[in-house]
Enquirer: 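Take a look at the following structure, please.
For the numbers below, each heavy atom of this structure counts, side chains included, while hydrogens, waters and symmetry mates do not.
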Amino acid sequence: CKNSGLISGKSDIGGICGITNYKGGELTSISRGQNNGSVFASYARVGGIVGIAESNIEECINYGSITLKGEKAWYGVAGIAGCVASSAVDLRVERCVNHGKVNMYIASFNDYSYRTQQIAGIVANAGMFKNSGKTAYITDCYNTGDISVFGNACVQIPCGIVNWGRNYVIKNCYNVGEFYNESANSARGIVISYDADYKHDVINCYWLTPSMAAYGNANTNDGATPKSAEEFKNLADSLGENYKNDTKNVNNGYPILSWQ
């Protein structure tokens, strides 16, 4: 599927799908979706491909500008999926790319905002349900789009791949997008926060430096290695078999996925 038009609404807005659900024992997938249009939500959960997903997402790409703008922001804005969540099945976001700008504009702030204002290049909220034993796997994905926070969302920190999660694995991902944070000079190369009582693994990921980001993985660089622009151009082998060198310079020399 491909979208090139403007899409806007209040909540659960995506360039290809608004919401996907797991029902009747059948796990669906969004595969080879491409969004070129701008996508806008005024309240909650917006992504270049899907607003909120209880399905797999594979080999999807976003070029459009993705924006969450309103009085409050609930559970995220990102280049691929605003939110990925399930209590019933493991979910996978694999071999996906975001090239579009991701923006959050927030007019007000409250004590709960830091838990709900989430912005990232690939998945804003990877919050699998508590005690479900299910995991969100974000693997072989990369972001080149700029990620910006405006207004009073000063406690929220833009992130390259995932903003917040519970029971997740982020593996073989990278970010070269630039960050902007109007109220706080802070960002994270890969991911910022997680539920410490659950799995929160970051494995073989990389982020571009110099950057506003102080670290790649919360307040460490565990599994999230900073690299210069020149070093990035030689990272395809390190990222794994699903990547290849950008020999035709379609991605400014940075590694691309094998299906591209």
Enquirer: Grouping I, L, V, M, F, W and Y whenever their side-chain heavy atoms are under 4.5 Å apart, do Leu257 and Tyr206 come out in a common cluster?
Expert: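 Yes, Leu257 connects to Tyr206 through the hydrophobic network.
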Enquirer: What distance do Tyr174 atom OH and Lys227 atom NZ have between them, rounded to the nearest 0.5 Å?
Expert: 14.0 Å
Enquirer: Supply the atom-to-atom distance Asp201 CG to Ile170 CD1, rounded to the nearest 0.5 angstrom.
Expert: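 Rounded to the nearest 0.5 Å, the CG-CD1 separation comes out at 9.0 Å.
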Enquirer: With a 4.5 Å heavy-atom cut-off, do Cys141 and Val93 have their side chains touching?
Expert: yes
Enquirer: Apply the test side-chain contact (heavy atoms from CB on, under 4.5 Å) to residues Ile66 and Asn35: give CA-CA distance (whole Å), side-chain angles for both, the deciding distance (0.1 Å), then the verdict.
Expert: CA-CA 10 Å; Ile66 313 302; Asn35 178 60; 4.1 Å; yes
Enquirer: Can you tell me how far the CD atom of Glu94 sits from the CG atom of Asn56, to the nearest 0.5 Å?
Expert: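 Going from the CD atom of Glu94 to the CG atom of Asn56 covers 6.5 Å.
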Enquirer: So, for Val202 and Tyr168, which heavy atoms are closest and what is the spacing to 0.1 Å?
Expert: CG2-CE1, 4.4 Å
Enquirer: Side chain to side chain donor-acceptor pair (under 3.5 Å) for Tyr243 and Asn245? Distances and angles first, verdict last.
Expert: CA-CA 7 Å; Tyr243 286 88; Asn245 291 317; over 6 Å; no
Enquirer: How long is the gap from OG on Ser228 to CG on Leu208, to the nearest 0.5 Å?
Expert: 8.0 Å
Enquirer: Are the side chain of Tyr198 and the backbone of Asn131 linked by a donor-acceptor contact shorter than 3.5 Å?
Expert: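 Pair found, side chain donor or acceptor close to backbone of Asn131.
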Enquirer: For residues Tyr63 and Ile256: do they belong to one hydrophobic cluster (side chain heavy atoms under 4.5 Å, members Ile, Leu, Val, Met, Phe, Trp, Tyr)?
Expert: yes
Enquirer: Rounded to the nearest 0.5 Å, what separates atom OG in Ser186 from atom CG in Asn181?
Expert: 7.0 Å
Enquirer: Kindly give the heavy-atom pair with the smallest separation between Asp140 and Asn242, and that separation in Å.
Expert: OD2-ND2, 2.9 Å
Enquirer: Going through the checks in order, is the side-chain contact (heavy atoms from CB on, under 4.5 Å) test met by Cys60 and Ile16?
Expert: CA-CA 10 Å; Cys60 290; Ile16 301 298; over 6 Å; no
Enquirer: Where the side chain of Asn221 meets the backbone of Gly216, is there a donor-acceptor pair that is under 3.5 Å apart?
Expert: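 Checking the backbone N and O of Gly216 against the side chain of Asn221, a donor-acceptor pair under 3.5 Å is found.
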Enquirer: Identify the two heavy atoms, one from Gly160 and one from Asn143, that lie closest to each other, and give their separation to 0.1 Å.
Expert: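 Looking at all heavy atoms of both residues, the shortest contact is O-CB, 3.5 Å.
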Enquirer: Under 6.0 Å from the CZ atom of Phe40, do we count more than 12 heavy atoms belonging to anything else shown?
Expert: yes
Enquirer: Pick one: which of Asn103, Val77, Ile119 meets side chain to side chain contact (heavy atoms under 4.5 Å, CB included) with Leu68?
Expert: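 Among Asn103, Val77, Ile119, the one meeting side chain to side chain contact (heavy atoms under 4.5 Å, CB included) with Leu68 is Val77.
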Enquirer: Passes side-chain contact (heavy atoms from CB on, under 4.5 Å), Ile57 versus Cys96? Steps please.
Expert: CA-CA 8 Å; Ile57 308 169; Cys96 291; 3.9 Å; yes
Enquirer: Going by the rule side chain to side chain donor-acceptor pair (under 3.5 Å), which residues pair with Thr135 if we only count those two or more places apart in sequence or in a different chain?
Expert: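 Thr135 satisfies side chain to side chain donor-acceptor pair (under 3.5 Å) with no residue once adjacent residues are dropped.
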Enquirer: Does Trp259 belong to the same Ile/Leu/Val/Met/Phe/Trp/Tyr cluster as Leu239, with side-chain heavy atoms less than 4.5 Å apart forming each link?
Expert: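 Linked, Trp259 and Leu239 end up in one cluster.
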Enquirer: Could you list the residues that satisfy salt bridge (Lys or Arg N to Asp or Glu O under 4.0 Å) with Asp12, not counting sequence neighbours?
Expert: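 Only Arg45 meet the salt bridge (Lys or Arg N to Asp or Glu O under 4.0 Å) criterion with Asp12.
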Enquirer: Is there a path from Ile161 to Val97 through hydrophobic residues (I, L, V, M, F, W, Y) whose side chains come within less than 4.5 Å of each other?
Expert: no
Enquirer: Side chains of Val191 and Cys159: does their closest heavy-atom pair fall under 4.5 Å?
Expert: no
Enquirer: Which atom names give the shortest non-hydrogen contact between Lys233 and Gly253, and what distance separates them?
Expert: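 Result for this residue pair: CG-O, 3.4 Å.
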Enquirer: Out of the candidates Asn219, Asn217, Asn163, only one should pair with Arg188 under the side-chain hydrogen bond (donor to acceptor under 3.5 Å, both in side chains) rule; please name it.
Expert: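 Option passing the side-chain hydrogen bond (donor to acceptor under 3.5 Å, both in side chains) with Arg188: Asn219.
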Enquirer: Should the heavy atoms of other residues, nucleotides or ligands under 6.0 Å from CD of Glu58 be counted, would the total exceed 12?
Expert: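 More than 12 within 6.0 Å, yes.
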Enquirer: Any chance you could lay out the side-chain contact (heavy atoms from CB on, under 4.5 Å) test for Asp146 and Tyr180, step after step, and finish with the verdict?
Expert: CA-CA 8 Å; Asp146 294 346; Tyr180 175 77; over 6 Å; no
Enquirer: Would you say the side chain of Asn36 lies within less than 4.5 Å of the side chain of Lys2, judging by non-hydrogen atoms?
Expert: yes
Enquirer: When rounded to the nearest 0.5 angstrom, what distance separates OG in Ser148 from CZ in Phe179?
Expert: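 If I round to the nearest 0.5 Å, the distance is 10.0 Å.
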Enquirer: Linking I/L/V/M/F/W/Y whenever any side-chain heavy atoms sit under 4.5 Å apart, do Val149 and Met212 land together?
Expert: yes
Enquirer: What are the two closest non-hydrogen atoms of Tyr137 and Lys199, and how far apart are they?
Expert: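 Reported closest heavy-atom pair: OH-NZ, 4.3 Å.
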Enquirer: Go through the structure and list residues passing ring pair (Phe, Tyr, Trp, His ring centres under 6.0 Å) with Tyr254, not counting sequence neighbours.
Expert: Phe232
Enquirer: Is there side-chain contact between His99 and Ile61, with heavy atoms separated by less than 4.5 Å?
Expert: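 Yes, side chains in contact.
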Enquirer: If you compare all heavy atoms of Ser87 against all heavy atoms of Ser132, which two are closest, and at what distance to 0.1 Å?
Expert: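 Distance-wise, the nearest heavy atoms are O-CB, 3.5 Å.
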